[in-house]
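In what follows, chains carry the letters A, B, and so on, assigned in the order in which the sequence lines appear, proteins first and then strands, with residues in each chain numbered from 1. All of these numbers come straight from a predicted model, not from anything done at the bench.
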Amino acid sequence: MSLHALADHPFAAPRSLAEACALLAERAARGERTVLLAGGTDWIVEQHLAPAPAADAPLPLVADVSRLAELRGVAERGDAIRIGAGTTFLELRRDPLVTARLPLLAAAARDVGAIQIQARGTLAGNLATGSPAADGVAALGALDAVLELASVRGTRRVPIAAFYTGYRRNVLLPDELIAAVEVVPPAPGSPFAWRKVGTRQAQAISKVALAAVAELDRSEGPGARLTRLGLGMASVAPTVVFLPEVRALGLGRPLASIDDEALAAATLAGISPIDDVRSTASYRRHVAVALVRRFFESLRAPS
Amino acid sequence: MRIVLTVNGAVREVDVAPVARLLDVIRETLGLTGTKEGCGEGECGACTVLLDGTPVNSCLVAAAQCAGRSVVTVEGLGSAERLSALQEELVSHGGAQCGICTPGVLVSAAALLSRGGVPTDAEVREALAGNICRCTGYQKIVDGVRAAAVRNAAAARGAS
Ligand SMILES: Cc1cc2nc3c(=O)[nH]c(=O)nc-3n(C[C@H](O)[C@H](O)[C@H](O)COP(=O)(O)OP(=O)(O)OC[C@H]3O[C@@H](n4cnc5c(N)ncnc54)[C@H](O)[C@@H]3O)c2cc1C
Ligand code: FES
Ligand code: FES
């Protein structure tokens, strides 16, 4: 436990997004590390578990971004909904626009930790930590979110599928922060699924979780086709995965013609689960296949 | 760093490391030892306090993040001489046994009850999902919280 080191960190509280970006730029140019502190529900826990730092190692500057107004709030922007990256899970599950237009994201937010974690934990922290079990990442992946990354150089937009490069690694540069996510909501009433399989309903990291959304064109009767399909699956690979093989299969042909075997093969192609303290690879494969199959069963059921 | 915050309704100024845990500021700097440390990792809820009215784990909040904000600890819910309805009902239903989880349970339950009405069992369980109790098996806690909600609702009707 290295809590004394925690209190030793230098601290800054930038008052605006511009100030935060300037601080990051200055420090990055000098090769100095900065930790952006939002809800602290990942970073402070990591400090608790970390070995005590060497006495002469410089501690990073902790910059509090939890109160930056520019990182908060949910608003419509054209066809899309823009969510400030500093929005907490509790704010998400209570937001009228999110509950009405992005019920998948609201459902995932309701299942993060328990209320104390939801009250502090943010989308930015969930995305930046990029745990393979990140529920917010799974839901945003199913919705094909685009991340807005800000720095003194301006803003760049990165689709979530291009954000992660490996286990807890992403394309964020040292002078950048995540400012917002943008999501095009599915047509009202579109089917979605949020299934988190774990040992306990609250406060448990998933063994496997599936987020899924679809838009369905039923005009051809039995030939109903998917016109939109998004999936995000947690805890089955080094990063949350977005199951491109299942998407390709689902979007390519009439729903009725997609059989369970093909679905299972496409699901397994997108995951690489391991044995760990929470579960086994073979259980995870079994559950992953079952969750995707059930989502497709729900789509085929007449509504 | 000097930080001004409101604790249990009183404005307090503390001189603490900015990234010190709120939990340590409450217990060590302010001497309010009702708030407990169980895990130090956000899992158990023993350290739960209200930050601007919402339950948070004080082991995961940095002191400087509380500047200008309001913190309520278990000491702010009632005193030993004057227990709140919630505290009385938790005790009389056997919802407090060894007591290590009790301050956090009370704070989370107080946040739920502040919304008014009588919550269902499921609502109580969801509101308390982040508070681990190794003694009671939870049902006695749920019963105590609901009994307090019934009393509060009756008192509110009487007052109006
Ligand atoms: C008991 C417990 C239960 C949990 N349960 C779940 C769960 O069920 N599902 C789940 O997905 N997660 C869970 N978590 C993990 C955690 O709560 C989430 O990942 C949360 O979203 C982290 O957000 P935060 O704001 O607290 O991040 P912080 O800890 O403040 O930050 C995490 C990382 O993100 C970086 N960061 C913060 N803001 C930005 C930004 N704007 N731009 C770039 N980088 C930034 C920080 O520098 C840091 O590296 C749980 C954690 C605990 C302790
Ligand atoms: S001590 Fe804070 S949650 Fe356990
Ligand atoms: S009363 Fe002992 S842990 Fe809850």
Original post:
Judged by modelled atom types alone, do B:Q65 and A:R120 share a side-chain donor-acceptor pair under 3.5 Å?
Top reply: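 The answer is yes; a qualifying pair exists.
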Subject >> Toward chain B, the part of A:L37 with a non-hydrogen atom under 4.5 Å >> reply: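 For A:L37, heavy atoms of backbone and side chain both lie under 4.5 Å from chain B.
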**OP:** Measure distances from A:A38 to the heavy atoms of chain B and classify the residue's part below 4.5 Å as side chain, backbone, both or neither.
**Re:**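 Only the backbone of A:A38 comes within 4.5 Å of chain B.
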Got more than 12 heavy atoms from elsewhere within 6.0 Å of [atom1], [X]?
X     : atom1 : result
A:R93 : CZ    : yes
A:R30 : CZ    : yes
A:R33 : CZ    : no

Original post:
Once you round to the nearest 0.5 Å, how far does OG1 of B:T54 lie from CD of A:Q118?
Top reply: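 That separation rounds to 11.5 Å.
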**OP:** Could you check which of B:S108, B:P55, B:A63 has the highest count of heavy-atom pairs closer than 4.5 Å to chain A?
**Re:**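 Ranked by heavy-atom pairs under 4.5 Å with chain A, first place is B:P55.
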Subject >> Max heavy-atom pair count under 4.5 Å with chain A, selected residue of B:A64, B:A127, B:A62, B:A111 >> reply: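 Heavy-atom pairs under 4.5 Å are most numerous for B:A64.
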**OP:** Kindly say whether B:G40 contributes a backbone atom to a donor-acceptor pair with the side chain of A:H48 at under 3.5 angstrom?
**Re:**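 Side chain of A:H48 to backbone of B:G40: a pair is present.
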**OP:** Verify side-chain contact (heavy atoms from CB on, under 4.5 Å) between A:Q116 and B:N131, making sure each step is shown before the conclusion.
**Re:** CA-CA 9 Å; A:Q116 294 95 324; B:N131 295 86; 3.1 Å; yes
**OP:** Against chain A, label B:V16 side chain, backbone, both or neither, depending on which of its atoms sit under 4.5 Å from a heavy atom there.
**Re:**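 Neither part; nothing is under 4.5 Å.
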Original post:
For B:L51, is it the side chain, the backbone, both, or neither that has a heavy atom closer than 4.5 Å to a heavy atom of chain A?
Top reply: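 Side chain only.
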**OP:** Considering non-hydrogen atoms only, spot the tightest contact between A:A114 and B:A129 and give its length.
**Re:**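 Between these two residues, the closest heavy atoms are CB-C, 3.8 Å.
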Original post:
Looking only at heavy atoms, which two atoms of B:V19 and A:H9 are closest? And how far apart?
Top reply: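 Smallest interatomic distance, heavy atoms only, reads CG2-O, 3.9 Å.
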Original post:
Are the side chains of B:E41 and A:L49 in touch, meaning some heavy atoms are under 4.5 Å apart?
Top reply: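 Yes; the side chains approach each other to less than 4.5 Å.
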Original post:
Should A:I117 and B:L60 count as side-chain neighbours, where that means a heavy-atom distance under 4.5 Å?
Top reply: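 Side chain of A:I117 against side chain of B:L60, heavy atoms only: contact under 4.5 Å found.
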Subject >> Intermediate values then yes/no, side-chain contact (heavy atoms from CB on, under 4.5 Å), A:Q47 and B:R21 >> reply: CA-CA 12 Å; A:Q47 304 320 298; B:R21 302 181 305 172; over 6 Å; no
